[in-house]
Novice: 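My questions all concern the structure below.
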Amino acid sequence: MDYAINQAGNTTVSALLDAVGASAEGLKAVWLSYPTAAFVPAAQFADELEVAEGTECLRTYGEGDCMADALYKVIGELRMATECTCTFGHEGGYQLHTIMGDACTKKGKPSDIALMRDLAPVMEKQAICGEGRAIGRVTIQALDLFAAEIEPHFAKRQCPTGGCEAFKTYHVLVSKCTGCGKCLKACDDGAILGKPKFVHVINQKKCTQCNQCLEACPEGAIVRAGAKKPKTPPKPIPVRRK
Ligand code: SF4
Ligand code: SF4
């Protein structure tokens, strides 16, 4: 969630959260926008930091948010904020944004982490614009602070928090399904198994996340899930709903 702030100088994230009326409970990190341009993990909320003049946004991240997706969006915003076309700021920013975009859409490669770790420090030093240098700096910071969340996107094509849209899965809730078959008809990918009066089941390997079944189900029986998946049967079973 984004909060507008207009406080510069030495302060703490806890004080900033208080000032905007937000609770720190359940937060794992915040982002302070450019020119501060920094992620701050929950463990450092009470530590003093310097907020640069002109920093207008504090963004909060809860447990279900993915920090790989957070980094992807932050790099994108920093790129949009500058018209600089220098090699390290513009091209470097493009490379890092593309790499993180791939990671968040199941296309990450293990070698990309090393590439980012090579490129980001050079950007931090060589980019001409402040935004370009910030992209390098926050990339290094995020890779260090949130390695356990970010690296599996590259090493295993997994999103540990389930926060990335591309990693979300679709499930039919046994408690709600009436076995009407509307989802099965709506699925063009043959990803749904079922027959009348049986709880339908979604084959995750075939599902392309098109959302058609979710829109077609009149019972609200289909849900999208992140890291926490509902318990569903491996194959269709007789409906339980009366
Ligand atoms: S999201 Fe699309 S592909 Fe996946 S099960 Fe539903 S209709 Fe089929
Ligand atoms: S999931 Fe919804 S649309 Fe599909 S069979 Fe069950 S009730 Fe019908």
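Both ligands and their constituent atoms are indexed starting at 1 by order of listing.
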Novice: Could you identify the single nearest non-hydrogen protein atom to atom 2 (Fe) of ligand 1 and state the distance to 0.1 Å?
Specialist: Cys210 SG, 2.3 Å
Novice: Going by heavy atoms, is Ala216 under 4.0 Å from ligand 2?
Specialist: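 The answer is no: ligand 2 sits nowhere under 4.0 Å from a heavy atom of Ala216.
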Novice: Say whether Gly194 and ligand 2 are in contact under the criterion: heavy-atom distance to a ligand atom below 4.0 Å.
Specialist: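 In this structure, Gly194 fails to qualify as a contact of ligand 2 - no heavy atom is under 4.0 Å.
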Novice: Considering only heavy atoms of His200, which atoms of ligand 2 have at least one such atom less than 4.0 Å away?
Specialist: 5 (S)
Novice: For Gly179, counting its heavy atoms only, list the atoms of ligand 2 lying under 4.0 Å from any of them.
Specialist: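 This gives 5 (S), 6 (Fe) as the contact atoms.
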Novice: Give, for atom OG1 of Thr60 and atom CG of Asp2, the distance between the pair rounded to the nearest 0.5 Å.
Specialist: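 Nearest 0.5 Å value for the OG1-CG distance: 7.5 Å.
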Novice: For the residue pair Phe167 and His153, does the interplanar ring angle fall in the parallel (under 30°), tilted (30 to 60°) or perpendicular (over 60°) class?
Specialist: perpendicular
Novice: Looking at Lys229, I want to see if its NZ is surrounded by more than 12 non-hydrogen atoms of other residues, nucleotides or ligands under 6.0 Å.
Specialist: yes
Novice: What pair of heavy atoms forms the shortest contact from Cys86 to Gly89, and how long is it?
Specialist: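 Smallest heavy-atom distance, with atoms named: SG-N, 3.1 Å.
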Novice: So if I count the atoms of ligand 1 from 1 in the order they appear, which ones are less than 4.0 Å from some heavy atom of Ile192?
Specialist: 5 (S)
Novice: For ligand 2, does Thr178 get within less than 4.0 Å through its side chain, its backbone, both, or neither, judged by non-hydrogen atoms?
Specialist: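 For Thr178, backbone and side-chain atoms both sit under 4.0 Å from ligand 2.
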Novice: Step by step, work out the side chain to side chain contact (heavy atoms under 4.5 Å, CB included) result for Arg224 and Asn211.
Specialist: CA-CA 9 Å; Arg224 295 168 77 236; Asn211 227 36; 3.8 Å; yes
Novice: Any atoms of ligand 1 less than 4.0 Å from a non-hydrogen atom of Thr208? List them with their elements.
Specialist: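 Checking each atom against Thr208, I get 3 (S), 4 (Fe).
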Novice: Looking at non-hydrogen atoms alone, which of Cys217, Cys213, Gly190 comes nearest to atom 7 (S) of ligand 1?
Specialist: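 It is Cys213 whose heavy atom sits nearest to atom 7 (S) of ligand 1.
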Novice: Is it the case that more than 12 heavy atoms not belonging to Lys168 sit under 6.0 Å from its NZ atom?
Specialist: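 For Lys168, atom NZ is crowded (more than 12 foreign heavy atoms under 6.0 Å).
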Novice: Tell me, yes or no, whether the heavy-atom count around Ile128 atom CD1, taken from other residues, nucleotides or ligands under 6.0 Å, exceeds 12.
Specialist: no
Novice: What atoms of ligand 2 come within less than 4.0 Å of a heavy atom belonging to Val172?
Specialist: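 Listed by number with element: 1 (S).
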Novice: Restricting to N/O/S atoms, is Cys180 within less than 2.8 Å of atom 6 (Fe) of ligand 2 or not?
Specialist: no
Novice: If I take atom CD1 from residue Ile135 and atom CD from residue Glu77, how far apart are they, to the nearest 0.5 angstrom?
Specialist: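 One finds 10.5 Å between CD1 of Ile135 and CD of Glu77.
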Novice: If we ignore angles and hydrogens, is there a donor and acceptor under 3.5 Å between the side chains of Thr105 and Lys107?
Specialist: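 Per modelled atom types, Thr105 and Lys107 side chains form a pair under 3.5 Å.
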Novice: Considering only non-hydrogen protein atoms, determine which one is nearest to atom 4 (Fe) of ligand 2 and report residue, atom name and distance to 0.1 Å.
Specialist: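 The answer is Cys183 SG, 2.3 Å.
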Novice: At what distance is the nearest protein heavy atom to atom 6 (Fe) of ligand 2, and which residue and atom is it?
Specialist: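 Protein heavy atom at minimum distance: Cys177 SG, 2.3 Å.
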Novice: Using a strict cut-off of 4.0 Å, indicate which atoms of ligand 1 neighbour a heavy atom of Ile202.
Specialist: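 Within the 4.0 Å cut-off of Ile202, ligand 1 contributes 5 (S).
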Novice: Is atom CG of Asp118 surrounded by more than 12 heavy atoms (other residues, nucleotides or ligands) closer than 6.0 Å?
Specialist: yes
Novice: N/O/S of Cys187 less than 2.8 Å from atom 8 (Fe) of ligand 1?
Specialist: yes
Novice: Hey, which atoms in ligand 1 end up nearer than 4.0 Å to a heavy atom of Asn211?
Specialist: 1 (S), 2 (Fe)
